[in-house]
Asks: 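The structure's right below; bear with me while I get my questions together.
Counting starts at 1 for both ligands and their atoms, following the listed order. Not measured: the values here are computed from a predicted model.
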Amino acid sequence: MKITAFGVRPDERQHLERWARQHGDDLVQTSALLTPDTVAKAAGSAGISCFQTVPYEAAVFKTMRKLGINALALRNTGVDNVDFGAAQHYCIHVTNVPAYSPNAIAEFALTDMLYLLRQTGLVQRDLHQNHYQTATTHIGRELRHTKVGVIGTGRIGRTLIAILNGIGAKVLAFDPHPPSDPHLIFEPVTFQQLLHESDIVTLHIPGTPENTHLIDEAAIATMKPGALLINTGRPNLIDTSAMLAALRTGQLGGVGIDTFEHETEDLLALAEHGRFTDPQWQALLAMPNVILSPHIAYYTETAVRNMCDTAMQALHDLAEQQTSDCEVYPAAG
Ligand code: NAD
Ligand code: COI
């Protein structure tokens with residue numbers, strides 16, 4: 001079958017090509033993102049695969065319908081950038097990759113925690129300014145002596161809890177649907193209790209509209225003074241203005257942000273400006289108790305391979321059986 005893959009990065013090519021070779025697919029790959037301007041490249045395909053954090057707009061689904069393409073397989077987990085109303089309207093099946101490697105993101109959250117606990121940003125800043133002696137004065141804290149509040153105990157949250165259990169940290173967790181895995185050691189608490197008692201709060205929830213600014217000024221005010229906040233979840237989860245204000249007063253001791261609130265706008269303007277010009281991004285970048293990353297928590301060799309394989313399998317399942325285990329329905333979006 002003919003498949004067009006959009007948003008293809010160099011590291012994905014080998015996996016997509018291997019799959020196409022093994023399954024006799026006619027594969028067209030492009031680094032272009034899937035937009036109303038590019039979707040016509042997929043003409044003649046049975047399905048489209050794509051990887052991007054910028055929106056999948058209604059006009060894309062409209063053109064897919066005109067081209068007779070009814071399947072879009074995302075090579076990632078989050079679906080908050082999909083206009084599901086439009087996908088449904090134009091009868092397009094949308095699939096994601098629900099669990100390409102929860103460890104990749106859980107380990108990244110752990111990396112941020114350790115970076116902040118050991119004050120690595122301050123050490124690096126001092127060394128870069130040739131203040132070797134001062135760089136030896138930033139005493140760290142040990143994760144096993146902290147309380148970590150995990151918000152969201154889905155695949156990634158649960159994986160993180162298992163890792164934290166191994167390290168010996170005390171884990172508090174909040175999720176309206178808590179897991180029943182007897183191997184996980186954590187205390188289920190309310191949202192307020194988690195904020196109030198945790199030394200570190202880490203977010204592993206989807207970017208649904210109701211989760212927008214879950215961590216706002218009021219939530220931050222109830223956190224322990226000097227607590228650490230990690231967001232590898234979605235850009236809309238934290239009110240960045242409130243977070244910046246709390247970093248300036250010390251109410252927040254440090255933050256690790258992989259999914260920055262304005263990443264989509266900044267990404268769309270990147271070609272024009274050549275860098276993220278957002279003043280909040282610049283302010284965070286200048287703080288030694290902040291660790292920023294460009295939405296790469298997922299980015300491991302294992303994850304990339306699984307993302308490509310699962311998306312290609314989903315397109316085959318849709319073409320051959322009109323159904324896929326990875327199909328995402330509007331209610332879940
Ligand atoms: P999942 O669907 O397995 O689990 C999400 C959990 O969040 C569910 O148990 C749900 O009940 C819970 N939840 C939703 N809203 C909540 C709230 N307000 N408070 C507490 N719990 C809430 O998802 P997952 O695979 O664990 O992924 C979690 C999120 O991580 C994804 O939705 C995605 O946004 C993000 N993610 C980020 C990256 C990255 O590279 N940074 C990669 C993959 C996924
Ligand atoms: C996801 O898989 O949901 C991610 O956040 C990774 C990616 C879109 C950058």
Asks: Please state whether the rings of F276 and F260 are parallel, tilted or perpendicular, taking 30° and 60° as the class boundaries.
Replies: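 Judged by the thresholds at 30° and 60°, the geometry between F276 and F260 is tilted.
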
Asks: Does either side chain, that of Q280 or that of S241, offer a donor lying less than 3.5 Å from an acceptor on the other one?
Replies: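 Result is yes, a qualifying pair exists.
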
Asks: Using non-hydrogen atoms of the residue, decide whether F191 is closer than 4.0 angstrom to ligand 1.
Replies: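 Contact check F191 vs ligand 1: negative.
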
Asks: Considering only protein heavy atoms, which is closest to atom 8 (C) of ligand 2, and at what distance to one decimal place?
Replies: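 It is N76 ND2, 3.5 Å.
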
Asks: Please work out which of the three classes, parallel, tilted or perpendicular, describes the rings of W19 and H23, given edges at 30° and 60°.
Replies: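 The arrangement is parallel - the two ring planes meet at less than 30°.
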
Asks: Is N211 close to ligand 1, meaning an N/O of one under 3.5 Å from an N/O of the other?
Replies: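 Yes: some nitrogen or oxygen of N211 is under 3.5 Å from one in ligand 1.
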
Asks: What is the closest protein heavy atom to atom 4 (O) of ligand 1, and at what distance does it sit?
Replies: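 For this ligand atom, the closest protein heavy atom is G154 CA, 3.1 Å.
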
Asks: State the atoms of ligand 2, each with its element, that fall below the 4.0 Å cut-off from a heavy-atom position in R234.
Replies: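 Listed by number with element: 1 (C), 3 (O), 4 (C), 5 (O).
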
Asks: Could you tell me whether D181 and R158 make a salt bridge, using a distance below 4.0 angstrom between a side-chain N and a carboxylate O?
Replies: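 Salt bridge absent between D181 and R158.
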
Asks: Nearest 0.5 Å please: distance from the CD1 atom of I92 over to the CG atom of D83.
Replies: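 I92 atom CD1 to D83 atom CG measures 11.5 Å (nearest 0.5 Å).
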
Asks: Atom 7 (C) of ligand 2: which protein heavy atom is closest, and how many Å away?
Replies: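 Nearest neighbour among protein heavy atoms for atom 7 (C) of ligand 2, to 0.1 Å: F51 CZ, 3.6 Å.
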
Asks: Are T208 and D80 close enough, and set up right, to give a side chain to side chain contact (heavy atoms under 4.5 Å, CB included), and what steps lead you there?
Replies: CA-CA 6 Å; T208 50; D80 46 291; over 6 Å; no

Asks: How far is atom 14 (C) of ligand 1 from its nearest protein heavy atom, and which residue and atom is that?
Replies: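 Among all protein heavy atoms, the one nearest atom 14 (C) of ligand 1 is P206 CD, 3.5 Å.
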
Asks: Would you say T259 and ligand 1 have an N/O pair spaced under 3.5 Å apart?
Replies: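 No, since none of the N or O atoms of T259 sits under 3.5 Å from an N or O of ligand 1.
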
Asks: Give me the residue, atom name and distance of the protein heavy atom closest to atom 35 (C) of ligand 1.
Replies: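 Answer, as residue, atom name and distance: G233 O, 3.4 Å.
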
Asks: Just jot down the ligand 1 atoms closer than 4.0 angstrom to any heavy atom of I151, in number order.
Replies: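 Listed by number with element, the hits are 19 (N), 20 (C).
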
Asks: With heavy-atom distances below 4.0 Å as the criterion, list the atoms of ligand 1 near F174.
Replies: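 It comes down to these atoms of ligand 1: 19 (N), 20 (C), 21 (N).
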
Asks: Side chain, backbone, both or neither: which part of T53 has a heavy atom under 4.0 Å from ligand 2?
Replies: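 It is the side chain that touches ligand 2; the backbone stays farther off.
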
Asks: Tell me: protein heavy atom nearest atom 34 (O) of ligand 1, and distance?
Replies: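 In this structure, atom 34 (O) of ligand 1 has R234 CG, 3.2 Å as its nearest protein heavy atom.
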
Asks: Going by the closest heavy atom to atom 3 (O) of ligand 2, which one wins out of G78, G207, G7?
Replies: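 Answer by nearest heavy atom: G78.
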
Asks: Out of all atoms in ligand 2, which are within 4.0 Å of some heavy atom of T77? Include the element for each.
Replies: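 Result: 1 (C), 2 (O), 3 (O).
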
Asks: Please work out whether any backbone atom (N, CA, C, O) or any side-chain heavy atom from C-beta onward of I105 is under 4.0 Å from ligand 1, and answer side chain, backbone, both or neither.
Replies: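 Looking at I105 and ligand 1, just side chain atoms fall under 4.0 Å.
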
Asks: Considering heavy atoms of the protein only, find what lies nearest to atom 2 (O) of ligand 2 and give residue, atom and distance to 0.1 Å.
Replies: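 The answer is Y100 OH, 2.5 Å.
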
Asks: Using distance alone, determine whether Y100 and ligand 1 share an N or O pair under 3.5 Å.
Replies: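 Min N/O separation from ligand 1 is not below 3.5 Å for Y100.
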
Asks: Considering heavy atoms of the protein only, find what lies nearest to atom 44 (C) of ligand 1 and give residue, atom and distance to 0.1 Å.
Replies: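 For this ligand atom, the closest protein heavy atom is I156 CD1, 3.6 Å.
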
Asks: So which protein heavy atom does atom 37 (C) of ligand 1 come closest to, and at what separation?
Replies: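 Going by distance alone, atom 37 (C) of ligand 1 is nearest to T232 O, 3.1 Å.
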
Asks: T146 vs D199, test: side chain to side chain donor-acceptor pair (under 3.5 Å). Steps then yes/no.
Replies: CA-CA 6 Å; T146 63; D199 301 297; 5.0 Å; no

Asks: Using the side chain to side chain contact (heavy atoms under 4.5 Å, CB included) rule, pick out the option among V97, L318, T95 that qualifies with C326.
Replies: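 Option passing the side chain to side chain contact (heavy atoms under 4.5 Å, CB included) with C326: T95.
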
Asks: Would you call E12-R305 a salt bridge at under 4.0 Å N-O?
Replies: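 No salt bridge links E12 with R305.
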
Asks: Can you find an N or O of Y298 that's nearer than 3.5 Å to an N or O of ligand 1?
Replies: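 Among all N and O atoms of Y298, at least one is under 3.5 Å from an N or O of ligand 1.
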
Asks: Quick check for you: to the nearest 0.5 Å, what is the distance between L117 atom CG and T120 atom OG1?
Replies: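 Rounded to the nearest 0.5 Å, the CG-OG1 separation comes out at 9.0 Å.
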
Asks: Determine whether Q124 and P288 make a side-chain contact, defined as any pair of heavy atoms from C-beta on separated by less than 4.5 Å.
Replies: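 In short, these two side chains do not touch, never coming nearer than 4.5 Å.
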
Asks: So is H295 polar-close to ligand 2, meaning N/O to N/O under 3.5 Å?
Replies: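 Yes; the residue has a nitrogen or oxygen that sits under 3.5 Å from a nitrogen or oxygen of the ligand.
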
Asks: My understanding is that only one of Q119, H131, H138 makes a side-chain hydrogen bond (donor to acceptor under 3.5 Å, both in side chains) with D126; could you say which?
Replies: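 Going through the options one by one, the only one that passes is H138.
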
Asks: Of the backbone atoms (N, CA, C, O) and the side-chain heavy atoms from C-beta on, which set of E210 has a member under 4.0 Å from an atom of ligand 1: side chain, backbone, both, or neither?
Replies: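 Looking at E210 and ligand 1, no heavy atom falls under 4.0 Å.
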
Asks: Considering only heavy atoms, does F108 approach ligand 1 within less than 4.0 Å through its side chain, its backbone, both, or neither?
Replies: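 Neither; nothing of F108 gets under 4.0 Å from ligand 1.
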
Asks: Have S293 and D258 got a donor and an acceptor in their side chains that come within less than 3.5 Å?
Replies: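 Yes.
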
Asks: Looking only at protein heavy atoms, which one is nearest to atom 22 (C) of ligand 1, and what is the separation?
Replies: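 Protein heavy atom with the smallest distance to atom 22 (C) of ligand 1: I205 CG2, 3.3 Å.
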
Asks: Side chain, backbone, both or neither: which part of Q52 comes within less than 4.0 Å of ligand 2 when only heavy atoms are counted?
Replies: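 No part of Q52 comes within reach of ligand 2.
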
Asks: Apply the test side chain to side chain donor-acceptor pair (under 3.5 Å) to residues R75 and S49: give CA-CA distance (whole Å), side-chain angles for both, the deciding distance (0.1 Å), then the verdict.
Replies: CA-CA 7 Å; R75 300 193 297 281; S49 167; 2.9 Å; yes

Asks: Of all the non-hydrogen atoms in the protein, which one sits nearest to atom 2 (O) of ligand 1, and at what distance?
Replies: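 Of the protein heavy atoms, R155 NH1, 3.9 Å lies nearest.
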
Asks: Run the contact test for P102 against ligand 1 with a 4.0 Å cut-off on heavy atoms, strictly below, and give the result.
Replies: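 Contact check P102 vs ligand 1: negative.
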
Asks: Under 6.0 Å between ring centres, would you say that holds for F84 and F61?
Replies: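 They do not qualify: ring centres at least 6.0 Å apart.
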
Asks: Taking heavy atoms and a distance under 4.0 Å, where does D175 meet ligand 1: side chain, backbone, both or neither?
Replies: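 For D175, the contact with ligand 1 is made by both the backbone and the side chain.
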
Asks: Closest approach of L34 and Q52, non-hydrogen atoms and distance?
Replies: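 Heavy atoms only, the tightest pair is N-OE1, 2.7 Å.
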
Asks: Is there a side-chain contact between F108 and I296 (heavy atoms, below 4.5 Å)?
Replies: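 In short, these two side chains touch, coming nearer than 4.5 Å.
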
Asks: Check H204 against ligand 1 and report side chain, backbone, both or neither, counting heavy atoms closer than 4.0 Å.
Replies: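 Within the 4.0 Å criterion, H204 contacts ligand 1 through backbone atoms alone.
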
